[in-house]
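Below is one structure, written out as structure tokens, with a few remarks after it.
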Amino acid sequence: MNVYDELKERGFIAQATHENEIRDLFEKEKVTFYIGFDPTADSLHVGHFMGMMAMAHLQKAGHRPICLIGGGTGTIGDPSGKTDMRKMMTDEIIEHNCSCFKKQMERFIDFSEDKALMVNNAEWLRKLNYIDLLRDVGAHFSVNRMLTAECYKQRLERGLTFLEFNYMIMQAYDFMELGDRYGCKLEMGGDDQWSNIIAGVELIRRKQAKAAFGLTFTLLTTSEGKKMGKTEKGALWLDPEKTSPYDFYQYWRNVADSDVEKCLGLLTFLPMEEVRRLGALQDQAINEAKKVLAYEVTKLVHGEAEAEKAQQAAEALFSGQGNLENVPTLEIRSEDFGAKLIDVLTREGVFSSKGEGRRLVQQNGLSLNDERISDADRILTESDLGEDGALVKKGKKKYYRLVRA
RNA sequence: GGGUAGGUGCCCGAGUGGUUAAAGGGAACGGACUGUAAAUCCGUCAGCUUAGCUUACGAUGGUUCGAAUCCAUCCCUGCCCA
């Protein structure tokens with residue numbers, strides 16, 4: 001089966017500039033393609049992960065991915081889909097974020113023996129000369145047309161700076177540069193990148209009269225159209241320091257029934273027959289599919305050992321089997337005995353404030369060793385911890401194990 | 001540079017001297033119901049030493065017994081004009 005159809009079947013593809021030609025291209029030659037990632041944070045998140053999956057599928061099929069890190073474009077900020085201008089980042093931060101991205105990407109893509117490349121567009125964008133750029137590239141862009149681009153719509157209502165307006169041009173330039181340097185013929189990205197991608201495709205076709213193609217991915221949204229990958233703490237990060245493997249696992253364990261099949265297709269390598277079988281499960285049975293999803297995704301991102309631990313912790317907490325060792329654990333100091341439980345938990349970050357803790361107690365949302373706490377001034381005693389520590393439950397499904405430090 | 005409309009809690013957005021920790025909506029959180037799902041219903045949603053106090057309506061200063069609300073200066077944003 002052609003990789004293009006494979007990606008399509010798995011649910012990746014949203015739009016393509018030239019569907020049939022892209023399919024032929026994959027058939028005929030080893031294609032060099034790229035996805036750009038702007039270093040806006042010090043870790044990748046699930047949205048990026050989906051792009052990595054698409055890259056991995058294509059790499060398996062023998063094509064060559066380029067991960068383009070936006071060290072140059074990151075200084076501008078993509079206005080697509082944003083309502084406000086991004087905060088400008090300092091060069092040091094961008095630098096740091098780039099290196100974080102790089103480390104994480106190496107998990108998913110094989111960069112050995114030139115099988116994939118990682119490049120930073122700061123390399124060429126920084127050197128650009130304004131006048132030359134205007135003459136060589138600027139002449140090929142129609143402002144009238146750019147203004148009609150979907151990605152600027154929102155910003156035209158609220159204000160768009162010239163700086164950000166140029167983002168599209170930089171991205172188009174990247175594509176052309178990658179074509180010249182590495183023979184890159186295809187740019188991919190999230191569907192919000194469509195305008196930017198066709199800008200590049202058109203630039204290359206016009207200026208160089210060369211074939212260039214673009215492809216966008218479905219955005220990872222819930223069946224209700226909300227962006228996926230949001231947790232109460234913000235994004236769902238791939239960095240285990242920012243989102244623990246346990247929380248990561250739980251996120252996928254808890255997706256809505258209607259989203260399971262889509263997630264399995266996009267975020268795991270399970271064969272599609274299996275994906276469809278799991279996705280078709282009904283009622284209680286679909287929990288099986290969610291377990292598979294959570295395990296597989298966690299395995300890809302954090303490795304098998306961490307996935308195993310997260311799964312065991314979940315089993316222990318929710319089915320009462322397996323050991324509690326891998327449950328998120330807080331260390332209690334001896335001087336904490338005699339202090340208020342709420343104070344200790346607040347200090348450990350379980351609550352963002354004592355008020356939140358008190359509220360939770362008032363609303364029957366906190367328990368210690370399966371016993372509801374009804375007194376906000378409840379004192380933590382040594383006997384609460386017993387031999388194996390204590391188990392705190394916050395809300396319906398957040399657990400913390402307390403052990404002696 | 002000139003004119004004009006604005007800057008309110010996580011977000012949107014009402015409020016135009018005291019009854020305003022600030023309507024309404026969204027997000028989020030807790031409870032009930034469940035399948036660690038969705039939908040629904042109820043509740044919560046600044047902090048603290050919690051029936052009391054402190055901090056909050058772009059920033060700073062002022063008027064007043066009392067200001068998010070009035071005045072001054074400054075910063076920022078949209079729109080129109082140059």
Side-chain angles (χ1 to χ4, degrees), chain A residues 79 81-88 152-165 221-236 246-264 278-295 297-298 310-322 324 326-328 339-340 342-343 345-347 349-367 370 372-379 391-400:
Chain A
K82 309 278 180 324
T83 51
D84 297 298
M85 184 163 143
R86 280 250 177 79
K87 287 190 185 69
M88 292 254 215
Y152 292 135
K153 275 241 171 80
Q154 252 189 324
R155 294 305 298 275
L156 282 175
E157 283 162 26
R158 309 193 108 209
L160 175 70
T161 60
F162 186 65
L163 173 79
E164 296 171 284
F165 187 56
T221 53
T222 66
S223 46
E224 289 159 342
K226 286 180 205 144
K227 268 196 191 164
M228 277 189 98
K230 288 242 176 116
T231 67
E232 67 269 42
K233 295 214 174 83
L236 193 65
Y246 174 79
D247 287 335
F248 189 84
Y249 178 95
Q250 284 298 318
Y251 182 87
W252 302 108
R253 178 61 250 268
N254 280 306
V255 296
D257 290 7
S258 48
D259 296 323
V260 178
E261 186 168 333
K262 174 167 60 184
C263 291
L264 282 166
L278 289 167
L281 295 173
Q282 293 294 314
D283 302 319
Q284 285 223 38
I286 200 160
N287 280 315
E288 271 320 302
K290 293 185 191 180
K291 281 183 199 167
V292 173
L293 172 68
Y295 183 81
V297 184
T298 309
Q311 191 178 44
Q312 274 172 22
E315 290 289 320
L317 293 171
F318 295 99
S319 332
Q321 46 195 291
L324 291 165
N326 299 309
V327 173
K340 286 181 191 170
I342 286 183
D343 291 351
L345 294 178
T346 305
R347 191 198 63 216
V350 175
F351 314 124
S352 55
S353 68
K354 291 178 190 178
E356 188 190 311
R358 279 201 200 88
R359 202 177 303 133
L360 216 56
V361 168
Q362 263 163 27
Q363 299 182 137
N364 288 324
L366 188 70
S367 41
D370 283 332
R372 265 206 177 133
I373 303 290
S374 50
D375 175 11
D377 294 326
R378 170 71 150 78
I379 302 294
L391 192 63
V392 168
K393 183 180 174 195
K394 173 193 171 193
K396 227 182 305 189
K397 50 198 179 198
K398 287 196 198 75
Y399 291 91
Y400 302 88

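Quick note on labels: first sequence line is chain A, next is B, and so on, each numbered from 1.
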Interatomic distance, A:Asp257 CG vs B:A39 P [rounded to whole Å]: 11 Å
Euclidean distance, atom NZ of residue A:Lys394 to atom P of B:G30 [Å, nearest integer]: 7 Å
Touch class at under 4.0 angstrom, heavy-atom based, for A:Gln250 against every strand present: base
Between the protein and nucleotides 41-50 of chain B, are there any N/O to N/O pairs under 3.5 Å, and if so, what are the atom names and distances?
unit_1	atom_1	unit_2	atom_2	d
B:G43	N2	A:Gln363	OE1	3.4
B:U44	O4'	A:Gln363	OE1	3.0
B:U44	O2'	A:Arg359	NE	3.2
B:G47	OP1	A:Ser353	OG	3.0
B:G47	OP2	A:Arg359	NH2	3.4
B:C48	OP1	A:Lys354	N	2.9
B:C48	OP2	A:Gly355	N	2.9
B:U49	OP1	A:Lys354	NZ	3.0
B:U49	OP2	A:Arg358	NH2	3.0
B:U50	O4	A:Arg358	NH1	2.2

Integer angstrom distance from the C1' of B:G31 to that of B:U20: 29 Å
Set of residues satisfying side chain to side chain contact (heavy atoms under 4.5 Å, CB included) with respect to A:Asn326, sequence neighbours excluded: A:Lys309, A:Gln312, A:Ala313, A:Asn323
Give me the distances for all protein-to-nucleotides 76-82 of chain B N/O pairs that come in under 3.5 Å?
none

Sugar-phosphate, base or nothing in reach of A:Ala314, heavy atoms under 4.0 Å: base
Spacing of the C1' atoms in B:G30 and B:U55 (rounded, Å): 26 Å
Closest approach of A:Gln250 to A:Ala314 (non-hydrogen atoms, all atoms of both residues): NE2-CB, 3.6 Å
Under the salt bridge (Lys or Arg N to Asp or Glu O under 4.0 Å) test, residues paired with A:Glu288 that sit two or more places apart: A:Lys291
Nearest-Å distance once atom C1' is located in both B:G25 and B:G1: 41 Å
Length of the line joining A:Gln362:CD and B:G30:C1', which is rounded to integer Å: 11 Å
Phosphate contact (B:U34 OP1 or OP2) by A:Lys396 side-chain N/O below 4.0 Å: no
Separation of atom OH in A:Tyr251 from atom C1' in B:A37, rounded to whole Å: 13 Å
Between B:A38 (P) and A:Asn287 (CG): distance, integer Å: 11 Å
With A:Ala310 via side chain to side chain contact (heavy atoms under 4.5 Å, CB included) - residues at least two apart: A:Tyr249
Residue whose nearest RNA chain B nucleotide is more 5′ - A:Leu366 or A:Asp283: A:Leu366
Backbone of A:Ala285 reached by a side-chain donor or acceptor of A:Asp283 within 3.5 Å: no
Neighbour count >12 (heavy atoms, 6.0 Å) for atom CG, A:Asp370: no
Stem regions touching RNA chain B, defined by at least 3 consecutive Watson-Crick or wobble G-U pairs below 3.5 angstrom: B:1-7 with B:75-81, B:10-12 with B:24-26, B:28-32 with B:40-44, B:46-48 with B:52-54, B:58-62 with B:70-74
Separation between the C1' atoms of B:G43 and B:C33, rounded to whole Å: 15 Å
Residues that A:Ala316 engages under side chain to side chain contact (heavy atoms under 4.5 Å, CB included), provided they are two or more places apart: A:Leu324
d(NZ, A:Lys398; C1', B:C29) in whole Å: 8 Å
Whole angstrom value for the distance that separates P of B:C33 from CG of A:Asn364: 12 Å
Inter-nucleotide C1' distance (B:G66, B:C45), Å rounded: 29 Å
Non-hydrogen side-chain atoms of A:Asp257 and A:Lys290 separated by less than 4.5 Å: yes
Interatomic distance, A:Trp252 CH2 vs B:A37 C1' [rounded to whole Å]: 15 Å
Set of residues satisfying ring pair (Phe, Tyr, Trp, His ring centres under 6.0 Å) with respect to A:Tyr152, sequence neighbours excluded: A:Phe165
Nearest-angstrom distance, C1' atom, B:C41 to B:G7: 38 Å
Please tabulate, for the side chains in residues 356-363 of chain A, all donor-acceptor contacts under 3.5 angstrom to protein atoms that are two or more places apart in sequence or on a different chain.
unit_1	atom_1	unit_2	atom_2	d
A:Glu356	OE1	A:Ser352	N	3.3
A:Glu356	OE1	A:Ser352	OG	2.6

P spacing across the pair B:A37 / B:A46, given as an integer number of angstrom: 26 Å
Set of ring pair (Phe, Tyr, Trp, His ring centres under 6.0 Å) partners for A:Tyr399, sequence neighbours left out: A:Phe318
For A:Lys354, all residues meeting salt bridge (Lys or Arg N to Asp or Glu O under 4.0 Å), sequence neighbours excluded: A:Asp343
Residues which pass salt bridge (Lys or Arg N to Asp or Glu O under 4.0 Å) with A:Arg347, listed by chain and number, not counting sequence neighbours: A:Asp336
Sugar-phosphate only, base, or nothing, as touched by A:Val255 at under 4.0 Å among non-hydrogen atoms: sugar-phosphate
Pairwise C1' distance, B:A21 and B:C71 [rounded to whole Å]: 26 Å
Sugar-phosphate, base or nothing in reach of A:Ile286, heavy atoms under 4.0 Å: base
